[in-house]
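To keep things clear, I will list the structure first and then write my remarks on it.
Hydrogens, waters and symmetry mates play no part in the numbers below; they use all other heavy atoms, side chains included. Proteins come first, then strands; the chains are lettered A, B, ... in the order of their sequence lines, and each starts at number 1. Treat the numbers as computed from the prediction; the structure is a model and nothing was measured.
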Amino acid sequence: MSKIKIKKLSVSYGNHQVLNEVSLDIPERQIIAVIGPSGCGKTTLLKSMNRLLDLNEDVAVSGDIAIDGENIYRPDIDVNALRKRVGFLPQRPYPLPMSIFDNVAFGPKIHGLDVSSLSVVSNKEREGKGNKGTQRLVEHYLRLAGLWEEVKDRLNAPAAKLSIGQQQRLALARVLSIEPEIILADEPTSALDPISAKLVETQFKILKENYTIIFVTHILRQARRLADYIIFLYMGDLIEHGPAVRFFGEPCDEKTKAYISGEIS
Amino acid sequence: MKKRKLEENIFKALMIISLLGVFAALAGIIMVVAVKGLSSLNLSMIIETPKGGYYLGKEGGIANAIVGSLYLMAGATTLAFIISLPVALALQKEYLSKRFADFTRLVLDILWGTPSIVYGVFGFVIMVYLGMRASLLGGIVVLTLLMVPIMVRAMDEAIRLVPFEMKEMAYALGTTRVETTFAVVLKQAMPGIVTAVILAFGRGIGDAASILFTAGYTDDIPTSLLDPVASLPLAVFFQIGTPVPEVQARAYAAALILLVIVIVINIIARILGWRFARHIVR
Ligand SMILES: Nc1ncnc2c1ncn2[C@@H]1O[C@H](COP(=O)(O)OP(=O)(O)OP(=O)(O)O)[C@@H](O)[C@H]1O
Ligand SMILES: [Mg+2]
């Protein structure tokens, strides 16, 4: 089942075109890695899928992207609702200027989610209402992001005080808290030490049960370790995409072979 | 190597001299005002309005000017804040195009550089046209005009320091512009916004020229917005110009009270600023 269908997507900043007619289908409930050299358009591709590109003034997008068959570039689409469905984990994990607790509680609050409406919350947790409910919810997502044990005693401390690795996992908790279907992650481990990176990778493997995870990485080994499906971009062109086993096992394109063997980077 | 060491030392010396200069100036001002004013600073200066013969050195005080300045500033600071915050927020790129925002900044910078007497004259002309006389209301409005440019620009600088990636984070969660503004931008910029209010307050409370014709001067404490009102800068100005030494000393006492108000407000703002700074991300 393909979750996202991208058709002839082109993106340019001013008159600098950075994605050239990219077309592909992205499968559901898998981990998808977007790889390619620096500047090839990986971040741009991610940000096109939750329309975060809209925040740039001089950006032009053509072609279309459908999620579950619905074109997200339709003029009458509710962008905020879209971004709730398509969570985004940035390369640099900026905490929001509030407490650890509020960083996680913020998303559900603005979207009016409450504990009882969340499928992943157990019946026992669902009993809590109001404040108690929010506490359960925050705990739930912090656990899911593998951060709970480290912060449970200082939920009201400023999020900015956390280490970078912890901030990255807080960002993950924040994304999960709005119950997206898709998680876009832009080099989610690039700011992390090996141990924190491992933690995030482990979380991803657990999360793919329920989510479609698309992540950008520079590290080929990480793509091999984690991904079920690979998208390879080179200078704005989609060179090759497919299941990871086939992609690494029998790459079709010369550029892919060169990239995998480390001849181009 | 020697040259670099020398460079370092020259620059260090320059910084120290300038720093000392700044502190010396402030200390000098406080000392002159205190030495000349303390002798006539007593309780009745603070709690009494001028009695008959006050301006000849007889009894009474400048409660009219103290209360007047506080009234003027309470009104003008509130009004200026209500106007400035939305303008400063609108200068973000989510709301206004960069060209229009930059044009607005230019206009504000020009207004900021305009001498306050020009504001006073402008206010006066408008009030004559409307048939209003010098009043608390007139003073508040003109002070507001005087304070808005500096308040907006200082807020704007604080808001511009909010990292774009932080806002992007919020938008990525599906927040609207208003939610992003209130939950993220204002929180992150709050210490700077407090500073902006203080800067503008400082400009307003010390200014005499803008309220000379618009607020007027009176020995009474105003009971309505349409009464004329006294103020500390004008109390200093009028009293220093009299030939009577006692009254001149009272001018320094008035200046001292003005200084103390400014210092107290600054300290309160710092404390507020620290509290707001708890959650900001550096
Ligand atoms: N806001 C922007 N304005 C103008 N040009 C941009 C903007 N963002 C990206 N670009 C350009 O678009 C191209 C692709 O950028 P993008 O960030 O998508 O690359 P990337 O593959 O994510 O690179 P990296 O691996 O270094 O993060 C680059 O040439 C970049 O300079
Ligand atoms: Mg990138």
(Q) Taking the side chain as everything from C-beta on, heavy atoms only, tell me whether B:Glu165 gets closer than 4.5 Å to A:Gln91. (A) no
Q.
Using a 4.5 Å heavy-atom cutoff, which residues in residues 92-100 of chain A come close to chain B?
A. A:Tyr94, A:Pro95, A:Leu96, A:Pro97, A:Met98, A:Ser99
Q) NZ of B:Lys93 to CG of A:Asn56: how many Å apart, nearest 0.5 Å? A) 5.5 Å
(Q) Taking side chain as everything from C-beta outward and backbone as N, CA, C, O, which of these in A:Glu57 sits under 4.5 Å from a heavy atom of chain B? Side chain, backbone, both or neither. (A) side chain
Q. To the nearest 0.5 Å, what is the distance between NZ (A:Lys84) and OG1 (B:Thr175)?
A. 14.0 Å
**Q.** Separation between CG of A:Asn156 and CZ of B:Arg278, rounded to the nearest 0.5 Å
**A.** 7.0 Å
Q.
Surrounding CZ of A:Phe106 (heavy atoms of other residues, nucleotides or ligands, distance under 6.0 Å), is the total greater than 12?
A. yes
(Q) B:Lys187: which residues meet the salt bridge (Lys or Arg N to Asp or Glu O under 4.0 Å) condition with it, sequence neighbours left out? (A) none
**Q.** Largest heavy-atom contact set with chain B, pairs under 4.5 Å, which of A:Pro158, A:Ala160, A:Gly87
**A.** A:Pro158
**Q.** Option that, when pairs with chain B are counted at under 4.5 Å, heavy atom only, ranks first among A:Gly107, A:Pro90, A:Ala159
**A.** A:Pro90
Q: Below 4.5 Å from any heavy atom of chain B, which atoms of A:Leu55 appear? Answer side chain, backbone, both or neither.
A: both
Q. About how many Å separate CZ of A:Arg174 and CG of B:Leu173, when rounded to the nearest 0.5 Å?
A. 6.0 Å
Q: Give the member of A:Lys161, A:Arg51, A:Lys47 that has the highest number of heavy-atom pairs under 4.5 Å with chain B.
A: A:Lys47
Q.
Is A:Ala171 close to chain B through its backbone or its side chain, or both, or neither, when contacts mean heavy atoms under 4.5 Å?
A. neither
